Amino acid sequence: MEEQQKKKILVVGLGYIGLPTAAMFSKAGFDVSGYDVNGKVVDQLNNGDVFVEEGVTELIREGISSQRLRGVRELHPADVFIICVPTPIRFDKSSDMSIVQSAAENIARVLRPGNLVILESTSAPGTCMNLISPTIERISGLKAGTDYFLAHSPERVIPGNLLYELKHNHRIIGGIDRASAEMTRDLYRSFVEAEIFLTDTTTAEMAKLMENTYRDVNIALANETAKICEENGVNVWELIELTNKHPRVNLHQPGPGVGGHCIAVDPWFMVELSEQSKMIRLGRDINDGMPDYVFRRIQGLLAKGRITILGMTYKPNTDDFRESPVIELAKKLVNDGNYEVILTDPYAQFKEISVSGARIMSELYDALNDSELLIMGVNHRLYENFDYAEAARRMKGKRIYDTRNSMNEELAKSFGFEYTLLGNGKHV
Ligand code: SAJ
């Protein structure tokens, strides 16, 4: 075993990032403990009762059975502390870094000289320097860069492909000083096969935010283009495919809005940081406005009656319902009062999920019974073999509104459906 693999790692926060990260380090040979404020999560980890996604779940169970990974209910001394806690925004879109702060306070109580503290959570620029460092110093008296090491190593993995991306994505590591950055790089080298780039903490914090902001603004451009196309007799999906044939163009896809806990959130940290963030704010507003735009289009298709929405998660093939634009859309339809809203999603049966005033049904075709309008909200792979004949038999009105360009227009029409596609002005 390499010398550094003898290090004890304590991961603080056992969520979407903390669990896979803990699993990767334990697989690499480290002794890893995982702490979470939610004791239930800790117990579930210890019982191997965790489901993250394919590959990660197995890795976690392997770590538990080899005793290199365990859940703990109290923070204990370690060599390395990795903060993987949520960094939400408040109702007014300002950043709420209080969970990072309390993680830093807890770490400070067990921190010893020579330890390394790593922030993985996506954070407001300046969090390492202006929040973690002073918090730890206030409680422990230890100075970052002098008595202990401090770095930011932002996670960049996409839900749905966690295991692959943890290994193969390039990493940016920002250190409070060079030694902190290098020590963190050496640690992640144990499982990262891609390049690792070193910088300062604030640059790393901002780089992470700008990656997601780039995507958000690009999606906003696609959504705006979709609206322009609807007004001008053009199909946005065809248009984007053609523009992206240019070697330096990569316009993203339009849709019912941007969800999840990253892209719909992180740009707000940039808005908070500087009044210069005008385009970033506009992009957020455009994407946040998409559920309402889709709602208005639906009003044009059906004045009243039963509507069935396929897919409720924030994007395809994930069991994550956080900030889902489709749920936002469902709420608007319910509140309108003219619609009976049925939702269906293959992942809903595993989660405690409800939408007030709407009915959630697990069986796809039962959910279509007597419906007037089918809305394709989230194009899960499971919908690829959609049975149009069965849908036509079950539904009362044969109407489809596809917000993802994922349904088969020809086939739908051959079974008598009226098919409307978001962003397609050719048939408006
Ligand atoms: N979406 C569109 N059009 C597109 C692409 C996405 O409308 O062309 C929508 C999706 O439907 C979804 C939302 O955007 O509602 C976000 O989905 P996503 O797949 O783009 O990203 P996330 O939020 O799942 O993960 C992102 C990733 N960031 C980038 O690709 C730059 C991931 O690498 C980050 O690690 C993650 O955020 C994070 O944790 O920050």
Side-chain angles (χ1 to χ4, degrees), residues 13 15-21 52-53 84-89 119-124 152-172 194 204-227 236-237 239-241 243-244 249-270 280 283-284 286-291 293-294 311-329 345 376-380 402-406 422-423:
Y16 277 74
I17 296 302
L19 272 177
T21 304
V52 184
E53 54 179 62
C84 297
V85 298
T87 49
I89 46 168
L119 173 69
E120 273 240 14
S121 315
T122 305
S123 297
H152 182 41
S153 174
E155 61 84 9
R156 303 165 103 188
V157 287
I158 197 121
N161 200 19
L162 290 175
L163 202 57
Y164 178 87
E165 293 210 350
L166 273 166
K167 274 195 211 163
H168 298 284
N169 283 3
H170 299 316
R171 276 236 167 208
I172 298 172
E205 286 158 349
M206 213 190 278
K208 162 69 202 202
L209 294 177
M210 284 314 296
E211 291 160 14
N212 282 352
T213 300
Y214 158 81
R215 208 158 157 81
D216 195 46
V217 170
N218 196 329
I219 296 166
L221 189 59
N223 282 329
E224 186 167 283
T225 311
K227 296 183 206 168
V236 74
W237 306 90
L239 176 89
I240 290 175
E241 204 180 318
T243 55
N244 288 354
V249 175
N250 176 26
L251 196 50
H252 288 6
Q253 306 290 298
V258 169
H261 231 59
C262 308
I263 294 193
V265 171
D266 298 352
W268 289 114
F269 291 83
M270 295 302 298
I280 299 174
R284 272 292 62 243
I286 289 172
N287 289 337
D288 274 354
M290 284 314 287
Y293 182 80
V294 169
M312 295 168 63
T313 53
Y314 87 90
K315 67 173 187 177
N317 313 315
T318 171
D319 64 352
D320 193 340
F321 293 83
R322 293 179 299 175
E323 317 284 334
S324 167
V326 175
I327 293 181
E328 191 63 33
L329 168 66
D345 190 295
M376 174 51 77
V378 185
N379 48 327
H380 292 303
D402 184 357
T403 69
R404 301 282 184 170
N405 193 26
S406 69
L422 171 80

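Fair warning: this is a prediction, and the values are worked out from it, not measured in the lab. Both counts, for ligands and for their atoms, begin at 1 and track the order of listing. Below, all heavy atoms of this structure are taken into account, side chains as well, without hydrogens, waters or symmetry copies.
- Any N or O atom pair closer than 3.5 Å counts here, and His252 shares no such pair with ligand 1.
- At least one N or O atom of Gly259, backbone or side chain, sits closer than 3.5 Å to an N or O atom of ligand 1.
- Remark: minimum distance from atom 25 (O) of ligand 1 to any protein heavy atom is reached at Ile158 CD1, 3.7 Å.
- Counting only non-hydrogen atoms, the option in Gln253, His261, Lys208, Arg322 that gets closest to atom 3 (N) of ligand 1 is Gln253.
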Item to complete: Start with the C-alpha gap between Tyr16 and Asp320, add the side-chain angles, then the distance that decides, and say whether side chain to side chain contact (heavy atoms under 4.5 Å, CB included) holds.
Response: CA-CA 10 Å; Tyr16 277 74; Asp320 193 340; 3.7 Å; yes
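- Atoms of ligand 1 lying under 4.0 Å from at least one heavy atom of Glu211, given by number and element, are 31 (C).
- Counting only distance, with no hydrogens or angles, the side chain of Ser406 and the backbone of Arg404 share no donor-acceptor pair below 3.5 Å.
- When the heavy-atom distances from atom 18 (P) of ligand 1 to Glu120, Arg156, Arg215, Arg404 are ranked, the shortest goes to Arg215.
- Proximity of a side-chain donor or acceptor of Asn223 to a complementary backbone N or O of Ile286 within less than 3.5 Å is not detected.
- Side-chain atoms of His152 come within 3.5 Å of backbone atoms of Leu119 as a donor-acceptor pair (strictly under, hydrogens ignored).
- Residue Glu165 has no N or O atom closer than 3.5 Å to an N or O atom of ligand 1.
- Inclusion of Thr122 in the set of residues having an N or O under 3.5 Å from an N or O of ligand 1 is not warranted.
- With respect to atom 24 (O) of ligand 1, the closest heavy atom belonging to the protein is Tyr314 OH, 2.4 Å.
- For the residue pair Ile280 and Val217, the shortest heavy atom distance occurs at CA-CG2, 4.2 Å.
- Considering backbone and side-chain N/O atoms, Val157 comes within less than 3.5 Å of an N/O atom of ligand 1.
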Fill in: Working for side chain to side chain contact (heavy atoms under 4.5 Å, CB included), residues Thr313 and His380
CA-CA 9 Å; Thr313 53; His380 292 303; 3.1 Å; yes
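- Among Val378, Val258, Ile263, the residue whose heavy atom sits closest to atom 14 (O) of ligand 1 is Val258.
- Which parts of ligand 1 touch Cys262 is read off a 4.0 Å heavy-atom cut-off, strictly below it: atoms 23 (O), 36 (C), 37 (O), 38 (C), 39 (O), 40 (O).
- Of all non-hydrogen atoms in Asp216 and Pro267, the two that sit nearest each other are OD2-CG, 3.6 Å.
- The shortest contact between atom 6 (C) of ligand 1 and any protein heavy atom is with Ile219 CD1, 3.5 Å.
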Worksheet entry | Derivation and outcome, side chain to side chain contact (heavy atoms under 4.5 Å, CB included), residues Ile219 and Asn287 | CA-CA 7 Å; Ile219 296 166; Asn287 289 337; 4.0 Å; yes
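- Between Glu155 and Arg171 no salt bridge is recorded (no basic side-chain N to carboxylate O distance below 4.0 Å).
- Among protein heavy atoms, atom 31 (C) of ligand 1 sits closest to Asn212 OD1, 3.2 Å.
- Nearest protein neighbour of atom 39 (O) of ligand 1, counting heavy atoms only, is Glu155 OE2, 2.5 Å.
- At the shortest separation from atom 19 (O) of ligand 1 among protein heavy atoms lies Lys315 NZ, 2.9 Å.
- Ion pair Arg156/Glu165 not flagged as a salt bridge, since none of the NZ, NE, NH1 or NH2 atoms sits closer than 4.0 Å to an Asp/Glu carboxylate oxygen.
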